[in-house]
Amino acid sequence: MQLVVFDLDYTVWQPEMYQIDGPPKLVSVDEFRGKQRRKNKTPARQIPLGSTTITPNKIAIDRRGTPITVFDGAAHALSEINRMKKDMDLQVAISSRTDEPSWAYQLMKWLVAADGTPLSKCFDQNLIEISYADKSSHFESLNRKTGIPFENMVFFDNEKWNIQSVGQLGVKCYHTPNGMTREDWTQCLEEFGLV
């Protein structure tokens, strides 16, 4: 395993960009919970898991107040990769067809992995493939940029057709239909003999 590639929408975070209302914004935890609700004795909204950002006591939401969160498995895997990079030559990329690339880039600056690293610093900046092209073309581009053979690449994605398309290249693919889990990451490590 030399290159780990992640889809963004519903693999690294939720909801998908097409599901949110307007660009994301950072708000205070108090604003999210709703000060007015507490005055009316309505229970405060719970802060969802995976909503940690680079700014203490702030979370990312859309205009309707829908929180944007990182899946536990993705936050864990990215933290482990950050640690593993100290001992091995490992690169990390994105292959995404997100509807709103500018929103995705903003969220990568705000949202963090389990070790507190902003997502934007977890990925090699020259290995970010965001376009509507078939994901196999993203991987062909990643192969040209890195020289890493497809067999030494790993891909996590929630969409079955992306897994099938990229898998035909020889990439080891992991289907994450409910977002990335720790089990997905552990399975990858086991199959590459890294556990």
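Here, residue 1 is the first one in the sequence, and each next residue gets the next number.
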[X] side-chain N/O to [Y] backbone N/O, donor-acceptor pair under 3.5 Å:
X	Y	answer
T53	L111	no
Q125	S120	yes
T186	R182	yes
T66	D62	no
N143	I148	yes
T176	G179	no
D184	T181	yes
K85	Q91	no

Of all heavy-atom pairs between [X] and [Y], which one has the smallest distance, and what is that distance?
X	Y	answer
I20	P15	CG2-CG, 3.3 Å
L142	M153	C-CE, 4.3 Å
F32	P48	CE2-CD, 4.0 Å
C173	V166	SG-CG1, 3.8 Å
C122	V92	O-CB, 3.4 Å
A113	S79	CB-OG, 3.6 Å

(request) Scan F156, W185, F155, F192 and name whichever one has a ring pair (Phe, Tyr, Trp, His ring centres under 6.0 Å) with Y174. (result)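 The residue from F156, W185, F155, F192 that satisfies ring pair (Phe, Tyr, Trp, His ring centres under 6.0 Å) with Y174 turns out to be F156.
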For the residue pair [X] and [Y], establish whether any side-chain heavy-atom pair is separated by less than 4.5 Å.
X	Y	result
L127	K145	yes
K160	Q164	yes
P101	M17	no
S131	H138	yes
P24	W110	yes
L119	L107	no
D9	Q19	no
I59	V27	yes

(request) Report the C-alpha distance between N152 and L3 in whole Å, list the side-chain angles of each, state the deciding distance to 0.1 Å, and finish with yes or no for side chain to side chain contact (heavy atoms under 4.5 Å, CB included). (result) CA-CA 7 Å; N152 293 335; L3 177 65; over 6 Å; no
(message) With rounding to the nearest 0.5 angstrom, report the CE to CD distance, M180 to Q14.
(response)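 The CD atom of Q14 is 14.5 Å from CE of M180, to the nearest 0.5 Å.
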(message) With rounding to the nearest 0.5 angstrom, report the CG to CD distance, L90 to E80.
(response)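 Output value for this atom pair is 11.5 Å.
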Is it true that [Y] and [X] share a donor-acceptor pair across their side chains at a distance under 3.5 Å?
X	Y	value
S165	D134	yes
D157	T11	no
E191	Q187	yes
Y105	E100	no
S141	E129	yes

Given the rule that I, L, V, M, F, W and Y join up when any side-chain heavy atoms are under 4.5 Å apart, are [X] and [Y] in one cluster?
X	Y	value
L8	W161	no
V12	V5	no
F123	M84	yes
L78	V4	yes
Y132	Y18	no

(message) Against the six-membered ring of F139, is K135 placed for a cation-pi contact (under 6.0 Å from the centre, within 45° of the normal)?
(response)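 Because its charged atom misses either the 6.0 Å distance or the 45° angle limit, K135 does not stack over F139.
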(message) Quick check on L49: does its CG atom have over 12 non-hydrogen neighbours (other residues, nucleotides or ligands) under 6.0 Å away?
(response)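 12 or below, so no.
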(message) With a 6.0 Å cut-off (strictly less than), is the heavy-atom count around CG of D99, excluding the residue itself, greater than 12?
(response)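 Yes, the 6.0 Å shell around CG holds more than 12 heavy atoms from other groups.
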(message) Under 6.0 Å between ring centres: does that hold for Y10 and F71?
(response)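 When the ring centroids of Y10 and F71 are compared, they turn out to be within the sub-6.0 Å range.
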(message) Run T117 and D115 through side chain to side chain donor-acceptor pair (under 3.5 Å) and show every step you take.
(response) CA-CA 6 Å; T117 303; D115 64 2; 2.9 Å; yes
(request) In plain terms, say whether E16 and R97 are close enough for a salt bridge, that is, a side-chain N and a carboxylate O under 4.0 Å apart. (result)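 So E16 does not pair with R97 through a salt bridge.
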(request) Would you check, one step at a time, whether the test side chain to side chain contact (heavy atoms under 4.5 Å, CB included) holds for S96 with I130? (result) CA-CA 5 Å; S96 176; I130 298 178; 4.1 Å; yes
(message) If you apply the rule side chain to side chain contact (heavy atoms under 4.5 Å, CB included), what do you find for N162 with D7, and how did you get there?
(response) CA-CA 10 Å; N162 291 329; D7 172 44; 5.6 Å; no
(request) Please report the C-alpha distance between M108 and I94 in whole Å, then the side-chain angles of each, then the deciding distance to 0.1 Å, and finally whether the side chain to side chain contact (heavy atoms under 4.5 Å, CB included) criterion is met. (result) CA-CA 11 Å; M108 284 191 283; I94 293 170; 3.3 Å; yes
